[in-house]
Undergrad: 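Submitted below is the structure of interest, expressed as structure tokens.
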Amino acid sequence: MSYLVTFAPSGQFVAVEADETILEAALRDGHSVSYHCANGSCGDCRARIIEGKLADHMHHDFIFKGADRLQPMLLMCRAKPASDMTIEVQEAHSAADIPHQQITATVIRRNFLTDDIIELHLRTPRSQTLRFLAGQHVALTIDDLPPRNKSVASCPCNGRELQFHFRRSAGDPVTRHVFEELTLRDTVVLSGPSGSFIMDDSSDRNILMIAFETGFAPVKSLIEHAISLELPVPIRLLWMARETTGHYQENYCRAWKDACDNFDYSLLGIDEEAVFADPGDTSLTRVVDLLLPDLQAAGEADVYLAVPENLFLAIQEVLKEYPVNTMHMVYDNMKRSAE
Ligand code: FES
């Protein structure tokens, strides 16, 4: 038995099953509602009941004060509905709606995806979930090394578990530490989130995503978010890499394609020189030619680019001729593999 809970003022809604709280259902379905501790102590998930009945409002330490005491209120992390409900909630619609947070997380897994790419899994404390929008990045500080901005590779719907992709980079002390010294249960300080490489959930335009190597990380977060929201629009991913090992999580692409009628992808190999070429260089032109059929077909689409800057500029030049919305993110910490 499930009940429909509608969020005001957005009108978005979620089906809440008998064994879950409103917050659990909202996060599962990719809604960016306000919350923090998820255990009834901070009050960030409080919502005003407009109509409907509660089945259970589990124990909480948070005390409603001021005007909240005079209104029917609930904490989404503690509440289960007993009927269809409408509640007034705070939802994040832009990066500016998400507060800056600093959280000490713990390393729970390191997956070597290839010899040169590692997927780092971190978990935040039980009472602190990092709020972010799919596609955003955070600064990671490990020991006394300089902070490193990394895109979150997982969906906000994953809750306390966060994933980050690191590519080995000779001479870089942070990646060297991640590859050679970081161990399970080490701590990493997260600070953020930042960045506006986020999805326009309200758009009904087709989506074209172009990623270069670990630019796949924020794109993966966006695609998982789109799937959790069950966005019906066609989504196409072009994933470029210098070597076949650069497509280090093709298994995700295959699984999305198998599970979703509206998802498709292609893997593209490109020259090393093209990645760092100057604007106008023929190697860049060759890459853009490779993308051209999809760019031409992307009319009236939202285009998300997680690629090196010069390639971004070359693609943007081509897109000028088409009525597309372009979201830009420059690939972080990019160096020639020989460096
Ligand atoms: S998230 Fe803190 S009280 Fe619900």
Side-chain angles (χ1 to χ4, degrees), residues 2-10 12-106 122-134 136 138 152 154-162 189-193 198 201 221 225 228-229:
S2 66
Y3 292 110
L4 212 59
V5 175
T6 303
F7 301 138
S10 71
Q12 300 215 19
F13 54 84
V14 64
V16 183
E17 303 294 336
D19 61 346
E20 61 185 354
T21 64
I22 297 173
L23 180 65
E24 286 166 342
L27 297 180
R28 165 178 43 77
D29 280 8
H31 296 285
S32 302
V33 293
S34 173
Y35 78 108
H36 181 59
C37 70
N39 66 11
S41 56
C42 73
D44 283 5
C45 69
R46 64 189 180 278
R48 185 171 69 86
I49 302 172
I50 296 174
E51 61 181 19
K53 285 189 301 197
L54 280 181
D56 192 7
H57 206 194
M58 294 175 286
H59 170 79
H60 55 84
D61 294 328
F62 178 75
I63 298 170
F64 292 105
K65 294 188 183 134
D68 285 352
R69 291 178 55 199
L70 307 174
Q71 313 185 65
M73 300 291 291
L74 59 77
L75 296 175
M76 287 188 286
C77 68
R78 303 274 87 189
K80 296 178 180 177
S83 71
D84 289 348
M85 298 186 77
T86 301
I87 60 176
E88 185 179 53
V89 301
Q90 282 189 304
E91 292 177 87
H93 301 291
S94 72
D97 295 333
I98 304 278
H100 182 271
Q101 301 142 78
Q102 183 158 315
I103 298 175
T104 301
T106 306
L122 303 180
R123 184 178 290 147
T124 62
R126 204 174 291 281
S127 60
Q128 289 181 295
T129 307
L130 179 77
R131 278 196 74 204
F132 68 99
L133 297 174
Q136 286 195 294
V138 295
V152 184
S154 45
C155 172
C157 54
N158 282 16
R160 291 165 49 215
E161 189 168 328
L162 305 162
V189 177
L190 308 174
S191 183
I198 59 175
D201 298 344
S221 177
H225 174 65
S228 71
L229 282 176

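Here the structure is a predicted model, which is why all the values come from computation and not from measurement. Just so you know, ligand 1 is whichever comes first in the structure, and atom 1 is the first atom listed for that ligand.
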Undergrad: Could you verify whether a donor N or O on one side chain and an acceptor N or O on the other, from Ser191 and His100, lie under 3.5 Å apart?
TA: yes

Undergrad: Near Cys37, which atoms of ligand 1 are under 4.0 Å from a heavy atom of that residue?
TA: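 Ligand 1 atoms under the 4.0 Å threshold to Cys37: 1 (S), 2 (Fe), 3 (S).
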
Undergrad: Check step by step if side-chain hydrogen bond (donor to acceptor under 3.5 Å, both in side chains) holds for Glu91 and Ser32.
TA: CA-CA 6 Å; Glu91 292 177 87; Ser32 302; over 6 Å; no

Undergrad: Looking at side-chain heavy atoms only, is the closest gap between Gln102 and Val189 below 4.5 Å?
TA: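 Yes, their side chains come closer than 4.5 Å.
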
Undergrad: With a 4.5 Å heavy-atom cut-off, do Arg131 and His36 have their side chains touching?
TA: no

Undergrad: Distance under 4.0 Å to a non-hydrogen atom of Gly40: what atoms of ligand 1 satisfy this?
TA: 3 (S)

Undergrad: At a 4.0 Å threshold, what atoms of ligand 1 neighbour a non-hydrogen atom of Cys45?
TA: 1 (S), 3 (S), 4 (Fe)

Undergrad: How long is the gap from OG1 on Thr124 to CZ on Arg160, to the nearest 0.5 Å?
TA: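 With rounding to 0.5 Å, OG1 (Thr124) is 5.5 Å from CZ (Arg160).
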
Undergrad: Should we say atom CD1 of Ile63 is surrounded by more than 12 heavy atoms from elsewhere, each under 6.0 Å from it?
TA: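 Not buried by this count: 12 neighbours or fewer within 6.0 Å.
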
Undergrad: Enumerate the atoms of ligand 1 whose separation from the nearest heavy atom of Ala38 is less than 4.0 angstrom.
TA: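 So the answer, numbered in order with elements, is 1 (S), 2 (Fe).
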
Undergrad: Tell me: protein heavy atom nearest atom 3 (S) of ligand 1, and distance?
TA: Gly43 N, 3.2 Å

Undergrad: Is any N, O or S atom of His36 under 2.8 Å away from atom 2 (Fe) of ligand 1?
TA: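 Of the N, O and S atoms in His36, none lies under 2.8 Å from atom 2 (Fe) of ligand 1, which means no.
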
Undergrad: For Ser41, take its heavy atoms, then give the atoms of ligand 1 lying under 4.0 Å from any of them.
TA: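 So the atoms of ligand 1 that pass are 3 (S).
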
Undergrad: So does Cys42 have any N/O/S atom less than 2.8 Å away from atom 4 (Fe) of ligand 1?
TA: no

Undergrad: Between the side chains of Asp201 and His225, is a donor N or O closer than 3.5 angstrom to an acceptor N or O?
TA: yes

Undergrad: Got a sec: is Cys77 within less than 2.8 Å of atom 4 (Fe) of ligand 1 via an N/O/S atom?
TA: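 Here the distance criterion (N, O or S atom, under 2.8 Å) is met by Cys77, so yes.
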
